[in-house]
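The residues of the chain are indexed from 1 along the displayed sequence. Remember, predicted model here, so these are calculated numbers, not experimental data.
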Amino acid sequence: MLSNQRIQELELVMDFEKVEECFKEVSSWIENVGRKRLKETINLDDSLEVLLQTQKQFREFDLVASEYCRRGQEALKKMDRWEDFSSVDVHSYRVKLQTYRDQLEEFCTQLDENRHRISEMVRLYEFFDKVRQGVCCMEEGVKS
């Protein structure tokens, strides 16, 4: 039994090393590109035109970022079997795996929040723009 468990642990370590390249690529992209682009969307401009341009740019970024999130989640899913092992030998790998999982979850959550925030801001600005146009039309009607 111990021999079988040890063989399974070694197989997991070999699997981890294969999947780790994907983790490293996703992690590097998140740190070097993703987080910086998300920070750019923190302060949104105060005009509908600029906000619509920002939304367009964000959608392009969102497609790429969502693909990295998907790839990272697929890689993590391959490592789900690690949860069953508590050996000291695989502990360091579990710690790395949890670090990747935390980083990916945080980034994907921030991506979702920014997507929602930008969408809501555009809707709000469009609403205010329609109200402003309505008020202008009413004022012109009153002046006539």
Exercise for the section: Would you kindly confirm whether Met14 and Met79 end up in one hydrophobic cluster when ILVMFWY residues are joined by side chain heavy atoms under 4.5 Å apart? Expected result: no
Practice task
Mark yes when over 12 heavy atoms from residues, nucleotides or ligands other than Arg59 sit less than 6.0 Å from its CZ; otherwise mark no.
Solution key: no
Problem - Side-chain ion pair, Arg70 and Glu74, N-O less than 4.0 Å - result: yes
Exercise for the section: List the steps, then state whether side-chain hydrogen bond (donor to acceptor under 3.5 Å, both in side chains) holds for Gln110 with Asn114. Expected result: CA-CA 6 Å; Gln110 288 177 347; Asn114 278 19; over 6 Å; no
Exercise for the section: Of all the heavy-atom pairs spanning Phe23 and Gly72, show the shortest one and how long it is. Expected result: CE2-O, 4.2 Å
Exercise for the section: Kindly check if the number of other-residue, nucleotide or ligand heavy atoms within 6.0 Å of CD (Glu120) is above 12? Expected result: yes
Practice task
Report the distance from atom CG of Leu111 to atom SG of Cys69, rounding to the nearest 0.5 Å.
Solution key: 5.5 Å
Exercise for the section: Decide yes or no on side-chain contact (heavy atoms from CB on, under 4.5 Å) for Ser92 and Val95, but give the supporting numbers first. Expected result: CA-CA 5 Å; Ser92 64; Val95 169; 5.6 Å; no
Practice task
State the CD-CG distance between Glu20 and Leu97, to the nearest 0.5 angstrom.
Solution key: 10.0 Å
Practice task
Determine yes or no for a side-chain-to-main-chain donor-acceptor pair under 3.5 angstrom, with Thr41 supplying the side chain and Leu38 the backbone.
Solution key: yes
Handout entry: Side chain to side chain, Val50 and Ser47, heavy atoms closer than 4.5 Å
Key = yes
Practice task
Verify, without hydrogens or angle tests, whether Thr109 (side chain) and Glu105 (backbone) share a donor-acceptor contact under 3.5 angstrom.
Solution key: yes
Exercise for the section: Would you check, one step at a time, whether the test side-chain contact (heavy atoms from CB on, under 4.5 Å) holds for Gln55 with Leu52? Expected result: CA-CA 5 Å; Gln55 183 183 40; Leu52 287 170; 3.8 Å; yes
Exercise for the section: Ignoring hydrogens and angles, tell me if any N or O in the side chain of Arg101 forms a donor-acceptor pair with the backbone of Gln73 under 3.5 Å. Expected result: no
Pairs of donor and acceptor atoms involving the side chains of residues 24-33, under 3.5 Å and at least two apart or interchain, shall be tabulated with distances.
residue	atom	partner	partner atom	Å
Glu25	OE1	Arg71	NH2	3.0
Glu25	OE2	Arg71	NH1	3.4
Glu25	OE2	Arg71	NH2	3.0
Ser27	OG	Gln103	OE1	2.8
Ser27	OG	Gln103	NE2	3.2
Ser28	OG	Asn32	ND2	3.0
Glu31	OE2	Arg35	NE	2.9
Glu31	OE2	Arg35	NH2	3.3
Glu31	OE2	Gln103	NE2	2.7
Asn32	ND2	Ser28	O	3.1

Completion exercise
Smallest heavy-atom separation, Glu126 atom then Leu48 atom, equals CG-CD1, 3.8 Å
Exercise for the section: With side-chain contact (heavy atoms from CB on, under 4.5 Å) as the test, would you mind laying out the steps for Arg37 and Phe58 before giving the verdict? Expected result: CA-CA 8 Å; Arg37 291 289 304 270; Phe58 182 81; over 6 Å; no
Problem - Shortest non-hydrogen contact between Lys96 and Phe16, atoms and distance - result: CB-CZ, 3.8 Å
Problem - Common cluster, Leu104/Val64, ILVMFWY with side-chain heavy-atom separation under 4.5 Å - result: yes
Problem - Criterion side-chain contact (heavy atoms from CB on, under 4.5 Å) on Glu40 and Phe61, from CA distance to verdict - result: CA-CA 11 Å; Glu40 291 172 6; Phe61 162 73; over 6 Å; no
